[in-house]
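For the single chain, residues carry numbers from 1 onward in sequence order. Remember, it's 1-based here, ligands and their atoms both numbered in the order they're listed.
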Amino acid sequence: MATGSGGATAEAPKIVWNERDKRFETEDKKAYIEYELRNGGKVMDITHTFVPSSKRGLGLASHLSVAAFNHAQSNKLSVIPTCSYISDTFVPRNPAWKSVLFSEDLKSSI
Ligand code: COA
């Protein structure tokens, strides 16, 4: 059972939602995404993403972003990408998530 098939697939790190501190973070809390809730809690403004320098370039910020966007989507929140990693890297590389972004057009319905 434990032999595997030779395909060394990197396991996705476990990302935890820390509701009290408004973060999505790794279990050791060293890498995280921070957000603020706006418009009565309907808009998630992602203000900061941080990954320790020893772990950068491995996609950890991307995993954190997916957790945050999945949470936003399942809770019908829209996202403001204040953090430049989200606006300049994550969304351009994963354009399907554009549908979750806050847009001016939605303002009238909020
Ligand atoms: N803004 C936008 N994109 C950035 C960036 C920044 N400040 N810093 C790095 N990136 C991009 C790089 O172009 C890199 O692309 P590459 O893979 O072609 O080299 C890509 O992010 C790497 O993606 P990923 O591996 O998912 O990110 P990461 O786990 O290395 O973490 C940061 C990225 C930005 C969270 C990390 O570098 C960090 O903590 N930096 C210091 C804090 C910071 O500047 N945060 C962003 C502004 S809030």
Side-chain angles (χ1 to χ4, degrees):
M1 293 292 263
T3 52
S5 57
T9 314
E11 244 179 71
K14 187 170 179 198
I15 307 297
V16 182
W17 178 32
N18 178 342
E19 184 175 12
R20 202 187 65 171
D21 294 336
K22 299 202 265 323
R23 285 183 173 197
F24 292 87
E25 58 196 18
T26 48
E27 282 184 303
D28 64 7
K29 296 179 181 286
K30 288 182 180 166
Y32 56 83
I33 268 185
E34 268 177 355
Y35 64 90
E36 294 293 333
L37 292 175
R38 308 203 185 284
N39 290 22
K42 290 183 174 178
V43 174
M44 176 190 279
D45 183 351
I46 298 182
T47 51
H48 191 48
T49 308
F50 180 81
V51 170
S53 50
S54 62
K55 294 188 174 167
R56 288 180 193 165
L58 302 172
L60 191 46
S62 177
H63 285 297
L64 291 163
S65 306
V66 168
F69 274 73
N70 269 326
H71 175 90
Q73 189 172 52
S74 27
N75 290 278
K76 297 188 165 44
L77 310 179
S78 48
V79 171
I80 297 178
T82 296
C83 168
S84 65
Y85 171 80
I86 303 291
S87 61
D88 298 355
T89 299
F90 179 72
V91 173
R93 289 181 185 181
N94 302 276
W97 286 117
K98 277 187 187 167
S99 61
V100 181
L101 294 182
F102 179 77
S103 80
E104 294 294 312
D105 306 344
L106 294 174
K107 265 190 177 165
S108 54
S109 59
I110 288 178

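Contacts with ligand 1 closer than 4.0 Å are made by side-chain heavy atoms of Thr89 only, the backbone lying farther away.
Given atom 39 (O) of ligand 1, the protein heavy atom at minimum distance is Val51 N, 2.8 Å. At the top of the distance list for atom 37 (O) of ligand 1, counting protein heavy atoms only, stands Arg56 CD, 3.2 Å. Looking from atom 26 (O) of ligand 1 to the surrounding protein, the closest heavy atom is Tyr85 OH, 2.7 Å. For atom 6 (C) of ligand 1, the closest non-hydrogen atom of the protein is Ser84 OG, 3.7 Å.
Side-chain contact annotation: Asp45 with Thr47, donor-acceptor N/O pair under 3.5 Å absent.
Atoms of ligand 1 found under 4.0 Å from any heavy atom of Gly57 (numbered from 1 in listed order, with element): 25 (O), 28 (P), 30 (O).
Distance check on atom 47 (C) of ligand 1: some protein heavy atom falls below the 4.0 Å cut-off. Under the 4.0 Å distance rule, the nearest protein heavy atom to atom 44 (O) of ligand 1 falls outside the cut-off.
The heavy atom nearest to atom 27 (O) of ligand 1, out of those in Ser53, Ala61, Gly59, is found in Ala61.
At least one heavy atom of Arg93 sits less than 4.0 Å from an atom of ligand 1.
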Stepwise salt bridge (charged side-chain N to carboxylate O under 4.0 Å, His left out) test for Lys29 and Asp21: CA-CA 11 Å; Lys29 296 179 181 286; Asp21 294 336; 5.2 Å; no
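Under the rule for a ring-ring contact (aromatic ring centres under 6.0 Å, His included), the partners of Phe50 that lie at least two apart in sequence or sit in another chain are Tyr32.
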